[in-house]
A.B. asks: 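Here it is, the structure in full.
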Amino acid sequence: YLVAKKGIYTSFHRTHDLEEVDHTDGLGTKGDIHWLKKTFQEASQDAFGMNINDLAVMGAKAYKTQIHLTIPEDDEDAIMQVTRHLVDLCMPRKIAITGGETSIHDTIKGMDLSLTMSGVIVDKRTNANYGDKLICIPSSGIHSNGLTWIRKLFSEPPDWATTPTRLYDDIVGKNLPINAAMHFTGGAFGKINNILPDFSTAYFHE
């Protein structure tokens, strides 16, 4: 989808005329727990998942990303681990890492990792239709939401609190007859209304 040229900054030109979409998201307060436990691989997957999953539900294929890593102290090993794990996630998906920034903030106690990811719409999914079947895919845990409560409830965060976000692009990113999809992170089930037809509702049952 792009041809890059090396320089002080990476420049590129697109090789397509498809509709594009951009998305930015990050770890939130889960970054405090990742930094405490040094779970940098899981942190990388969390930040990656927050973006690739939302692109997938829109029927978009990601092709490039930018990285912003904020940490409380200069830690070369942490920076290299995060970078390596993000490369491992991007390479098989043919996503180019076109740049980024590392910020050292001694006023914070945890880390934050945010990505801005660009994709092209290959299978547009905008709205469900009356009579569509609703299929729910279970999560791998609490993802990157609800960590404020976890930190309040536990003096020492449990190990399961760092379970990384499941990557759904291998499921909803396939060429399947999906009219609409929604990634329930922040807003919970109320977000289903964003894709339902007017004057309709969804019923959940086992």
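Keep in mind that this is a model prediction, so the values were computed, not measured. Residue numbers run from 1 in the order of the sequence given.
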A.B. asks: For residues His85 and Phe48, establish whether the separation of their ring centroids is below 6.0 Å.
C.D. replies: no
A.B. asks: For residues 153-161, tabulate all N or O donor-acceptor pairs below 3.5 Å that involve a side-chain atom, not counting sequence neighbours.
C.D. replies:
{"unit_1": "Asp159", "atom_1": "OD1", "unit_2": "Lys37", "atom_2": "NZ", "d": "3.2"}

A.B. asks: For His23 and Thr116, does a side-chain donor sit closer than 3.5 Å to a side-chain acceptor?
C.D. replies: no
A.B. asks: Assess the side chains of Thr39 and His34: does a donor N or O sit below 3.5 Å from an acceptor N or O?
C.D. replies: yes
A.B. asks: Could you tell me whether Asn129 atom CG has more than 12 heavy atoms of other residues or ligands within 6.0 Å of it?
C.D. replies: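 Result for CG/Asn129: enclosed.
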A.B. asks: At what distance, to the nearest 0.5 angstrom, does NZ of Lys61 lie from CD1 of Ile52?
C.D. replies: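 The NZ atom of Lys61 sits 8.0 Å away from the CD1 atom of Ile52.
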A.B. asks: Got a second to check how far Gln45's CD is from Met50's CE, nearest 0.5 Å?
C.D. replies: 10.0 Å
A.B. asks: Is there a side-chain contact between Glu101 and Leu69 (heavy atoms, below 4.5 Å)?
C.D. replies: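 Answer no - side chains too far apart.
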A.B. asks: When you look at CD of Glu73, are more than 12 heavy atoms from neighbouring residues, nucleotides or ligands closer to it than 6.0 Å?
C.D. replies: yes
A.B. asks: Assess the residue pair His16 and Tyr63 against the criterion (side chain to side chain contact (heavy atoms under 4.5 Å, CB included)); give the C-alpha distance rounded to whole Å, side-chain angles, the decisive distance to 0.1 Å, and a yes or no.
C.D. replies: CA-CA 12 Å; His16 67 86; Tyr63 70 91; 4.1 Å; yes
A.B. asks: Apply the test side chain to side chain contact (heavy atoms under 4.5 Å, CB included) to residues Val120 and Glu19: give CA-CA distance (whole Å), side-chain angles for both, the deciding distance (0.1 Å), then the verdict.
C.D. replies: CA-CA 6 Å; Val120 293; Glu19 184 178 357; over 6 Å; no
A.B. asks: Is a side-chain donor-acceptor pair under 3.5 Å present for Ser118 with Glu20?
C.D. replies: no
